[in-house]
Amino acid sequence: MLRQRIYGLALGYEDLNDHDFLRKDLLWQTASERTEELASCSTLCRFENRAGRKEAWLIHEILFDQLWAVSSQLRVNWC
């Protein structure tokens, strides 16, 4: 579900209603590494509203660690 939502945001599908159509799209299923239909807009809404401060902080830490790892690789390759 997270991949589905991130891909939707990255491609300009900010509204969850769009996901009711996109969930059946084979390209989206392939990009999300799924073979069955993806989550509906109501499921994605429950998923987003379930997260609290603790989950937001954990996501922040993961994204920061990934960014740091990539920037470290770039610095090594540049020198």
Side-chain angles (χ1 to χ4, degrees):
M1 283 192 295
L2 184 58
R3 281 185 185 169
Q4 177 185 355
R5 187 63 177 130
I6 289 173
Y7 291 153
L9 290 171
L11 294 172
Y13 294 105
E14 297 170 0
D15 188 10
L16 289 176
N17 292 329
D18 296 323
H19 286 275
D20 274 340
F21 171 74
L22 295 170
R23 66 187 295 220
K24 298 174 184 169
D25 189 305
L26 293 177
L27 183 61
W28 278 75
Q29 291 173 4
T30 303
S32 299
E33 297 180 1
R34 304 289 300 259
T35 56
E36 65 276 353
E37 284 187 6
L38 300 175
S40 66
C41 67
S42 58
T43 302
L44 288 170
C45 183
R46 285 191 300 272
F47 176 70
E48 285 185 354
N49 291 327
R50 184 177 68 184
R53 182 178 295 269
K54 178 183 173 186
E55 291 81 10
W57 184 255
L58 291 172
I59 290 171
H60 170 77
E61 286 180 339
I62 291 168
L63 291 174
F64 180 80
D65 290 343
Q66 290 177 350
L67 176 65
W68 186 258
V70 168
S71 65
S72 296
Q73 290 174 353
L74 291 174
R75 280 184 265 137
V76 168
N77 292 337
W78 187 23
C79 295

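Nothing fancy with the numbering, it's 1 onward along the sequence.
In this structure, Tyr7 is a member of the same hydrophobic cluster as Leu38, with clusters built from ILVMFWY side-chain heavy atoms closer than 4.5 Å.
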Enumerate, atom names and distances included, each donor-acceptor pair closer than 3.5 Å involving a side-chain atom of residues 41-49, sequence neighbours excluded.
residue, atom, partner, partner atom, Å
Ser42, OG, Ser40, OG, 3.1
Thr43, OG1, Ser40, OG, 3.1
Thr43, OG1, Arg46, NH2, 3.3
Glu48, OE2, Arg5, NE, 2.3
Glu48, OE2, Arg5, NH2, 3.3
Asn49, ND2, Cys45, O, 3.2

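Within the hydrophobic cluster formed by Ile, Leu, Val, Met, Phe, Trp and Tyr side chains joined at under 4.5 Å, directly or through other members, Ile62 stands alone, with no partner residue.
For residues 21-45, every residue pair satisfying the salt bridge (charged side-chain N to carboxylate O under 4.0 Å, His left out) rule, not counting sequence neighbours, is listed here: Arg3-Glu33, Arg23-Glu37, Arg34-Glu36. Sorted by first then second residue, the side-chain hydrogen bond (donor to acceptor under 3.5 Å, both in side chains) pairs that include residues 8-18, not counting sequence neighbours, are Asp15-Asn17. Counting only residues at least two apart or in different chains, salt bridge (charged side-chain N to carboxylate O under 4.0 Å, His left out) contacts with residues 50-69 are absent.
In this structure Leu63 satisfies the side chain to side chain contact (heavy atoms under 4.5 Å, CB included) test together with Ile59, Gln66, sequence neighbours excluded.
The structure places CE of Met1 at 12.0 Å from CD1 of Ile6, a figure rounded to the nearest 0.5 Å.
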Q: Mind running side chain to side chain contact (heavy atoms under 4.5 Å, CB included) on Leu11 and Trp28 for me, showing each step along the way?
A: CA-CA 11 Å; Leu11 294 172; Trp28 278 75; 4.0 Å; yes

Test side chain to side chain contact (heavy atoms under 4.5 Å, CB included) on Thr35 and Gln29 and set out the steps. CA-CA 6 Å; Thr35 56; Gln29 291 173 4; over 6 Å; no

